[in-house]
Amino acid sequence: MSEVLTELQARYNRLMEQVVLDETTQILIADLLSELEKLQTSNVALRRTILKSSSKESRMSTKLRDALYE
């Protein structure tokens with residue numbers, strides 16, 4: 001989990017200690033935090049895929065790349 005996500009979760013927990021929220025609001029915030037965690041995981045996976053993809057392209061020599069594009 002990223003630092004931002006961890007901080008948001010901690011802030012939510014502190015809020016829950018200070019204020020009484022109705023059940024609907026609690027569920028909404030919990031769902032939003034859950035979705036944020038899923039999106040963070042997806043973002044990391046996409047970044048890895050892009051890095052792998054771009055590194056494969058750079059391995060090809062310039063001459064070979066030019067010959068393939070002709």
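Each residue takes its place number in the sequence, starting with 1.
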* Check Leu21 against Gln26 and note the closest heavy-atom contact, atom names and distance. =>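 Looking at all heavy atoms of both residues, the shortest contact is O-NE2, 3.0 Å.
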* Criterion side-chain contact (heavy atoms from CB on, under 4.5 Å) against Glu35, the qualifying member of Leu33, Asp31, Leu39 ->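 Between Glu35 and the candidates, side-chain contact (heavy atoms from CB on, under 4.5 Å) is satisfied uniquely by Leu39.
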Quick one: pull up [atom1] in [X] and [atom2] in [Y] and give me the separation to the nearest 0.5 Å.
| X | Y | atom1 | atom2 | result |
| --- | --- | --- | --- | --- |
| Arg48 | Asn43 | CZ | CG | 11.0 Å |
| Thr49 | Lys52 | OG1 | NZ | 6.5 Å |
| Arg11 | Ile29 | CZ | CD1 | 11.0 Å |

Same hydrophobic cluster for [X] and [Y], using side-chain heavy-atom links shorter than 4.5 Å among ILVMFWY?
| X | Y | value |
| --- | --- | --- |
| Leu15 | Leu8 | yes |
| Leu36 | Val4 | yes |
| Val19 | Ile27 | no |

* **Lys/Arg-Asp/Glu bridge criterion (N-O < 4.0 Å) met for Glu7, Arg14** =>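 Counted as a salt bridge, because a side-chain N and a carboxylate O are separated by less than 4.0 Å.
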* Asked: What do the steps show when you test Leu28 against Thr25 for side-chain contact (heavy atoms from CB on, under 4.5 Å), and what is the final call?
  -> CA-CA 5 Å; Leu28 174 64; Thr25 305; 5.6 Å; no
* Does Ser34 reach the main-chain N or O of Ala30 with its side chain, forming a donor-acceptor pair under 3.5 Å? ->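 The answer is no, because no donor-acceptor pair under 3.5 Å joins these two groups.
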* To do: For the pair Thr6 (side chain) and Ser2 (backbone), establish whether a donor and an acceptor sit closer than 3.5 Å, ignoring hydrogens and angles.
  =>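 The answer is yes, because a donor-acceptor pair under 3.5 Å joins these two groups.
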